[in-house]
There are 2 protein chains.
Amino acid sequence: MAATDKRTRTRATHSMEAVVTEAVALLDAAGESALTFRALAARLGGGVGSIYWYVSNKDELLDRASDHVLADVLAATEDLHGPDPLDDARTIAVTLFDTIVQRSWLAAYFMRDGEQQPNALRLYDRLGRQVMRLGLSARDTFNAVSAIVGFVIGTAADLSQQHSASAPDAGASGQDLEGAVAQWRALDGEAFPYLHFILDEFAAHDDGVQFRAGLDLLLAGIRLQAADSHKP
Amino acid sequence: MAATDKRTRTRATHSMEAVVTEAVALLDAAGESALTFRALAARLGGGVGSIYWYVSNKDELLDRASDHVLADVLAATEDLHGPDPLDDARTIAVTLFDTIVQRSWLAAYFMRDGEQQPNALRLYDRLGRQVMRLGLSARDTFNAVSAIVGFVIGTAADLSQQHSASAPDAGASGQDLEGAVAQWRALDGEAFPYLHFILDEFAAHDDGVQFRAGLDLLLAGIRLQAADSHKP
DNA sequence: TTCGTTTATCGAACAACGTTCGAGAGAATA
DNA sequence: TATTCTCTCGAACGTTGTTCGATAAACGAA
């Protein structure tokens with residue numbers, strides 16, 4: 001070959017690990033909108049097309065990124081053998097919730113594809129194993145676990161999204177809340193009696209505390225069902 | 001109002017009503033990805049830029065579309081004065097759930113902006129009013145209502161998204177479920193005891209039934225709290 | 001070594017999207 | 001008629017996900 005430039009251009013070399021890790025880093029640093037193929041390629045020091053060798057889709061990239069983060073949750077909930085099954089289930093739920101709230105993109109991609117999200121499956125099973133200890137029927141167990149997962153994901157998604165509605169990444173939750181409070185206060189107290197009733201609570205509430213309160217309500221319902229099924 | 005007088009009119013004439021209505025029609029017909037400004041403009045028989053006179057953003061368009069749909073939920077849950085507050089709350093929750101499941105785009109935009117979503121506020125208040133009848137404290141009432149809303153939105157979002165993951169619009173839920181079942185069956189029964197335990201239930205489950213079961217668990221927990229607070 | 005095949009990288013190019021902008025039509029007002 | 005205000009329009013811009021052919025590098029066989 002009559003090479004015009006003898007200088008051998010060194011090509012970058014990637015790996016699935018690097019791709020997913022840098023994707024997560026990009027997401028954590030500046031939110032979901034910051035994860036573009038071009039930005040990711042630049043961060044990897046390579047070209048755009050290279051990423052498509054590891055991942056066939058942006059959806060798949062996000063699936064893998066989500067599962068990558070769940071590894072931390074999995075590690076944090078190892079060795080749970082407390083006396084109360086639902087206490088352990090609660091620990092898993094709270095850990096998962098705290099992880100999702102900080103990353104608004106996670107909720108939408110949790111357990112979307114079992115094949116590419118083994119950690120999600122492991123976590124799901126780990127939660128289920130705790131509920132199994134209650135001795136409920138397969139159906140009741142399945143329903144209870146699904147309810148817990150739905151509640152965790154749903155509440156976390158709602159919050160993380162509501163907070164990122166105004167601020168793309170940094171959490172300026174204070175301003176959001178103040179604005180909503182002012183708006184509610186301006187509403188007619190007779191047309192919106194409930195809003196008026198809880199306004200002070202709303203103004204001072206903490207998302208994490210509120211989530212735990214709701215979770216405890218759900219767990220109390222499950223506990224009640226378990227007690228009933230043992231002596232009907 | 002909507003009378004289209006085509007007499008030598010070179011320009012089309014729109015209205016907020018038409019814009020939002022056609023946006024919803026587009027969303028219902030072919031899913032979230034089908035709602036583009038160009039497609040909407042074509043449907044309205046006008047230009048792309050015109051839409052921006054009524055709506056400053058695509059987010060605002062979706063906010064308004066979401067609220068437009070909630071009007072139906074609001075109409076379907078009028079005049080609820082049953083003897084049991086939580087029965088009425090359940091009716092609202094189930095109605096909302098059924099509405100969201102059929103429209104995957106709704107969950108993400110429910111109650112994002114109170115200013116542009118008056119119906120969401122009304123519905124939220126209506127649900128809260130039922131829970132208020134339990135006589136709980138403001139804090140407990142607020143927590144209970146938030147838990148219900150989080151559970152409804154979360155579960156609905158999870159389901160509607162899981163179904164639209166493979167099929168963009170039409171509900172081919174059967175194929176999805178079969179695939180997941182086959183995948184789970186292939187997993188190790190010892191590494192995933194819970195998945196193995198509920199596999200048959202999972203294969204035969206109905207999303208709507210399962211949601212109602214989970215909702216009843218949560219409501220049972222709330223009921224328990226209401227009973228406790230009245231006699232200690 | 002040399003050849004051939006597989007693996008992996010690269011960036012230009014494409015289509016679609018949200019959004020902006022200036023030009024102007026139409027009706028109301030003065 | 002002249003002026004102003006409301007509303008429409010579509011070309012154009014920048015950004016996005018994705019495709020594609022060219023090609024470098026690694027590897028095994030001859």
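The analysis underlying the following values was restricted to heavy atoms, covering all of them including side chains, and did not include hydrogens, waters or symmetry mates. Within every chain, numbering begins at 1; the chains are lettered A, B, ... in the order of the sequence lines, protein sequences first and strands thereafter.
Shown here are the ring-ring contact (aromatic ring centres under 6.0 Å, His included) partners of Y54(A), two or more places apart in sequence or in another chain: there are none. Under the rule for a salt bridge (charged side-chain N to carboxylate O under 4.0 Å, His left out), D72(B) has no partner lying at least two apart in sequence or in another chain. Under the rule for a salt bridge (charged side-chain N to carboxylate O under 4.0 Å, His left out), D200(A) has no partner lying at least two apart in sequence or in another chain. Under the side chain to side chain contact (heavy atoms under 4.5 Å, CB included) criterion, Q102(A) pairs with no residue at all, not counting sequence neighbours. In this structure H205(A) satisfies the ring-ring contact (aromatic ring centres under 6.0 Å, His included) test together with F202(A), F142(B), sequence neighbours excluded. The salt bridge (charged side-chain N to carboxylate O under 4.0 Å, His left out) check on R38(A) picks up nothing, with sequence neighbours excluded. Shown here are the salt bridge (charged side-chain N to carboxylate O under 4.0 Å, His left out) partners of D67(B), two or more places apart in sequence or in another chain: there are none. Every ring-ring contact (aromatic ring centres under 6.0 Å, His included) that F151(B) has, sequence neighbours left out, goes to F211(B).
At dT19(C), one or more side-chain N or O atoms of N57(B) fall inside 4.0 Å of OP1 or OP2 (strictly under the cut-off).
Without hydrogens or angle criteria, D206(A) side chain to V209(A) main chain gives a donor-acceptor distance under 3.5 Å.
Taking atom NZ on K58(A) and atom P on dA16(C), their separation rounds to 19 Å, with Å as the unit. Computed from coordinates, the E60(A) CD to dG17(D) C1' distance equals 14 Å when rounded to whole Å. We find that CG of L44(A) is positioned 12 Å from C1' of dT9(C), with the value rounded to whole Å. For L35(A) and dT18(D), the CG to P distance is 11 Å, given to the nearest whole Å. The distance between atom CZ of R11(B) and atom P of dT6(D), rounded to the nearest whole Å, is 15 Å. Between the CZ atom of F37(B) and the C1' atom of dA12(D) there is a distance of 17 Å, given to the nearest Å.
In this structure, L61(A) and V19(A) have side chains that are in contact, with non-hydrogen atoms separated by less than 4.5 Å.
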Anything under 3.5 Å between a donor and an acceptor, one on a side chain of residues 181-197 of chain B, the other on a protein residue two or more places apart or in another chain? List them.
residue : atom : partner : partner atom : Å
Q183(B) : OE1  : E115(A) : N            : 2.9
D188(B) : OD1  : E190(B) : N            : 3.2

Within the sub-3.5 Å range, which N or O atoms of nucleotides 13-15 of chain D have a protein N or O partner, and how far apart are they?
none

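Of the residues in residues 14-27 of chain A, those placing a heavy atom less than 4.0 Å from an atom of DNA chain C are H14(A), in numerical order. For the segment residues 45-56 of chain A, residues with any heavy atom less than 4.0 angstrom from an atom of DNA chain C are, sorted by number, G46(A), G47(A), V48(A), G49(A), S50(A), W53(A), Y54(A).
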